[in-house]
Amino acid sequence: MASTVRVRFAPSPTGHLHVGSVHTALFNWLYARHHGGVFILRIEDTDRSRSTDANIDAVIDALRWLDLDWDEGPPTPGFRQTERFALYREHAERLVRAGRAYYCDCPPELLEQGRKAAEARKETFRYSGRCRDRGLDAGALRLRIPDDGTTVVNDLINGPVTFDHRQLDDWILVRSDGTPTYNFCVVVDDVTMGITHVIRGNDHLSNTPKQILCYEAFDYPVPEFAHVSMILGPDRGRLSKRHGSTSVQAFRDEGFLPDAMVNYLARLGWSHGDQEIFSRGELIELFDVKDVSSSGAVFDRTKLEWLNQETMKRMDDRRLAELCEPFIERAGLPVPGDRAWLARVVATLKERAKTLVELVAVGRFYFVAPSGYDDKAAAKFLTAAGAERLDRLIARLGSADFAPAGLEATYRGLAEALGVKLVDLAQLSRLAVTGTTASPPIFDVLSILGREETLARLRRARAAIP
RNA sequence: GGCCCCAUCGUCUAGAGGCCCAGGACACGGCCCUCUCAAGGCUGAAACACGGGUUCGAAUCCCGUUGGGGCCA
């Protein structure tokens, strides 16, 4: 009987949740859900200056938006590192009593001297061990580690990675001012939370042997490790703001859907044959850490946009309409009260937009009449001939069937009667109704707008012709 | 600088010695469809970083080089 999988996501609250963080959060979440395990959210807020309540709320909001739910974590108390200092102190004392850690009072200048000397010899700086056996009872607390031998990280993604102890040193657990170091907090948190699988960014692989040595000093079982490759910018450097949006909040504001975001991030560094599009359920069912790639992946916004459109196309129109409402409001447009009507609207727009912001922009004419006409198109269509055609259209549309098929029949009939092509009438109407020459199928548009609004806009266009 | 990780089309990837003169997807080009724009269908161009091995046979295994990334400073 295997023990329950317990994984965690431990962001530091900086206000913006980076897509790279979300990537590892997602892999943890998928691993937990796939194995029926427990997903824990822990806030690494030891950097007091940036770890405001607002920033913590931002992390929580972002995870909720993505629907990555956690089983243990805030708002339950005890999941913020700042609430856990007593635990760190207690564990530090335990190591001192067991003789596995010792105090060191080496002055910074001495350490700096050693560092320079090591650099001159082109070697890794290691603490000399000067205070190891001095039996001090104050100062910085260091972990006593073996002088030679190796520590092997049996990484689930990268395979066995061997670290020579001669590259490691008696690292500091607790600084002389009493504050615990990052690596020490992580170990204490992970053991006390019963974490069985540490799934985190590749940038922590180098810290892992130090942490393993610490687990061993405690005589705690060492968890499994899986170091996920990092997300890169187009220049293969660390993904940062200069490459464009990097926080999930930014993508949310730009009109990306949580399911598209999740699908895209899941496919970055993970794959299942040739499949590109996955539902949540499929992701949970198919996710396997063995299929996670060990090489870095460039974040490609264009592909995210494609996936976002695919997600919109597959989504129920009522649901999509609902998601659009805040974007309509933010664009300064009146939000329709009739959601069924809005569902008809978005159905015609979703294959013409990559994001919700774009969808609203492209469908602006549904919510408000055009304030003017495209110059080039106006010169072409709002002519004497156009005036006559508009008159005939207005006359016929007064009593026409306003279902798309009925409108098409009316238009085709009139085109024949006038001896013109359908496209001439269609483009003229499109210009009158939307202000431009590109829109969803004109009969759908007119049908959705309705007789009254359609006629009003056609008459306005007619009046614009001198 | 030391240590660690990585290396298939521009990008995400399939590929776990012969099925691969390398497959899919995004993006890009062409054609078709068509009331416009999209969407869709078909189609084209596009990659195993380099050099040594191992093997009858290597994108796949080993070593090195180069390049990128990370950690420690």
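Numbers restart at 1 for each chain; the letters A, B, ... are given by sequence-line order, proteins then strands. Remember, it's a predicted structure, so these values are computed and weren't measured experimentally.
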Between [N] and [M], how far apart are the two [atom1] atoms, rounded to whole Å?
{"N": "rA59(B)", "M": "rG23(B)", "atom1": "P", "result": "14 Å"}
{"N": "rG17(B)", "M": "rC26(B)", "atom1": "P", "result": "30 Å"}
{"N": "rC4(B)", "M": "rG18(B)", "atom1": "P", "result": "31 Å"}
{"N": "rA45(B)", "M": "rA27(B)", "atom1": "C1'", "result": "13 Å"}
{"N": "rC56(B)", "M": "rC20(B)", "atom1": "P", "result": "23 Å"}
{"N": "rU8(B)", "M": "rC61(B)", "atom1": "P", "result": "13 Å"}
{"N": "rC19(B)", "M": "rC37(B)", "atom1": "C1'", "result": "44 Å"}
{"N": "rA16(B)", "M": "rC72(B)", "atom1": "C1'", "result": "34 Å"}

Separation of [N] [atom2] from [X] [atom1] (nearest whole Å):
{"X": "Asp444(A)", "N": "rU34(B)", "atom1": "CG", "atom2": "C1'", "value": "14 Å"}
{"X": "Asp291(A)", "N": "rG24(B)", "atom1": "CG", "atom2": "P", "value": "20 Å"}
{"X": "Arg236(A)", "N": "rG70(B)", "atom1": "CZ", "atom2": "P", "value": "12 Å"}
{"X": "Glu351(A)", "N": "rG40(B)", "atom1": "CD", "atom2": "P", "value": "8 Å"}
{"X": "Leu393(A)", "N": "rC35(B)", "atom1": "CG", "atom2": "C1'", "value": "13 Å"}
{"X": "Leu265(A)", "N": "rC26(B)", "atom1": "CG", "atom2": "P", "value": "19 Å"}
{"X": "Lys122(A)", "N": "rG2(B)", "atom1": "NZ", "atom2": "P", "value": "7 Å"}
{"X": "Arg115(A)", "N": "rC72(B)", "atom1": "CZ", "atom2": "P", "value": "12 Å"}

Check: With a cut-off of 6.0 Å (strictly less than), are more than 12 heavy atoms of other residues, nucleotides or ligands near CZ of Arg115(A)?
Finding: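 Atom CZ in Arg115(A) is crowded, with more than 12 foreign heavy atoms closer than 6.0 Å.
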
Tell which nucleotide pairs with [N], taking only Watson-Crick or G-U wobble pairs whose two distances are both under 3.5 angstrom.
{"N": "rC50(B)", "answer": "rG64(B)"}
{"N": "rC72(B)", "answer": "rG1(B)"}
{"N": "rG18(B)", "answer": "rC56(B)"}
{"N": "rU36(B)", "answer": "none"}
{"N": "rG29(B)", "answer": "rU43(B)"}

With sugar-phosphate meaning primed atoms plus P, OP1 and OP2, does [X] contact a base, only sugar-phosphate, or nothing at under 4.0 Å between heavy atoms?
{"X": "Glu310(A)", "answer": "sugar-phosphate"}
{"X": "Ser206(A)", "answer": "base"}
{"X": "Arg412(A)", "answer": "sugar-phosphate"}
{"X": "Lys421(A)", "answer": "nothing"}
{"X": "Pro209(A)", "answer": "nothing"}
{"X": "Ser271(A)", "answer": "sugar-phosphate"}
{"X": "Phe443(A)", "answer": "base"}
{"X": "Leu268(A)", "answer": "sugar-phosphate"}

Heavy atoms from C-beta onward define the side chain here; which of [options] lies closest to that of [X]?
{"X": "Lys303(A)", "options": "rG24(B), rC5(B), rC35(B)", "result": "rG24(B)"}
{"X": "Val161(A)", "options": "rC6(B), rC35(B), rC4(B)", "result": "rC4(B)"}
{"X": "Pro441(A)", "options": "rA39(B), rU36(B), rA14(B)", "result": "rU36(B)"}
{"X": "Glu276(A)", "options": "rG24(B), rA14(B), rU36(B)", "result": "rG24(B)"}
{"X": "Asp274(A)", "options": "rG24(B), rC71(B), rA39(B)", "result": "rG24(B)"}
{"X": "Ser294(A)", "options": "rC35(B), rA73(B), rC6(B)", "result": "rC6(B)"}
{"X": "Arg267(A)", "options": "rU36(B), rG70(B), rC12(B)", "result": "rC12(B)"}
{"X": "Met230(A)", "options": "rG70(B), rU13(B), rU36(B)", "result": "rG70(B)"}
{"X": "Asp203(A)", "options": "rC4(B), rC71(B), rU36(B)", "result": "rC71(B)"}
{"X": "Asn158(A)", "options": "rA39(B), rC5(B), rU11(B)", "result": "rC5(B)"}

Next item on the list: By nearest nucleotide on RNA chain B, pick out whichever of Leu422(A) and Thr124(A) is the more 5' one.
Entry: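 Final value for this comparison: Thr124(A).
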
Margin query: Go nucleotide by nucleotide along RNA chain B from the 5' end; which of Glu112(A) and Gly269(A) gets its closest nucleotide reached first?
Written below: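 Result: Gly269(A).
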
Note to self: So, OP1 or OP2 of rA38(B): does either fall under 4.0 Å of a side-chain N or O from Arg430(A)?
What the structure shows: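 Looking at the OP1 and OP2 atoms of rA38(B), neither is under 4.0 Å from any side-chain N or O of Arg430(A).
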
Check: Counting only side-chain N and O atoms of Lys116(A), is one of them less than 4.0 Å from OP1 or OP2 of rA73(B)?
Finding: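 So the side chain of Lys116(A) is outside the cut-off, no N or O lying under 4.0 Å from OP1 or OP2 of rA73(B).
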
Could you check whether [X] pairs with [Y] (Lys NZ or Arg NE/NH1/NH2 to Asp/Glu carboxylate O, under 4.0 Å)?
{"X": "Asp316(A)", "Y": "Arg318(A)", "answer": "no"}
{"X": "Arg457(A)", "Y": "Glu452(A)", "answer": "no"}
{"X": "Arg344(A)", "Y": "Asp317(A)", "answer": "no"}
{"X": "Arg238(A)", "Y": "Asp203(A)", "answer": "yes"}
{"X": "Glu358(A)", "Y": "Arg352(A)", "answer": "no"}
{"X": "Arg200(A)", "Y": "Asp190(A)", "answer": "no"}

Item checked: Test: Arg33(A) cationic atom under 6.0 Å from Phe287(A) six-membered ring centre, within 45° of axis ->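 No, Arg33(A) does not sit over the ring of Phe287(A).
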
Notebook entry, point to check: Quick one: are Ile199(A) and Phe9(A) in side-chain contact, heavy atoms under 4.5 Å?
Noted result: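 Contact flag for Ile199(A)/Phe9(A) side chains = no.
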
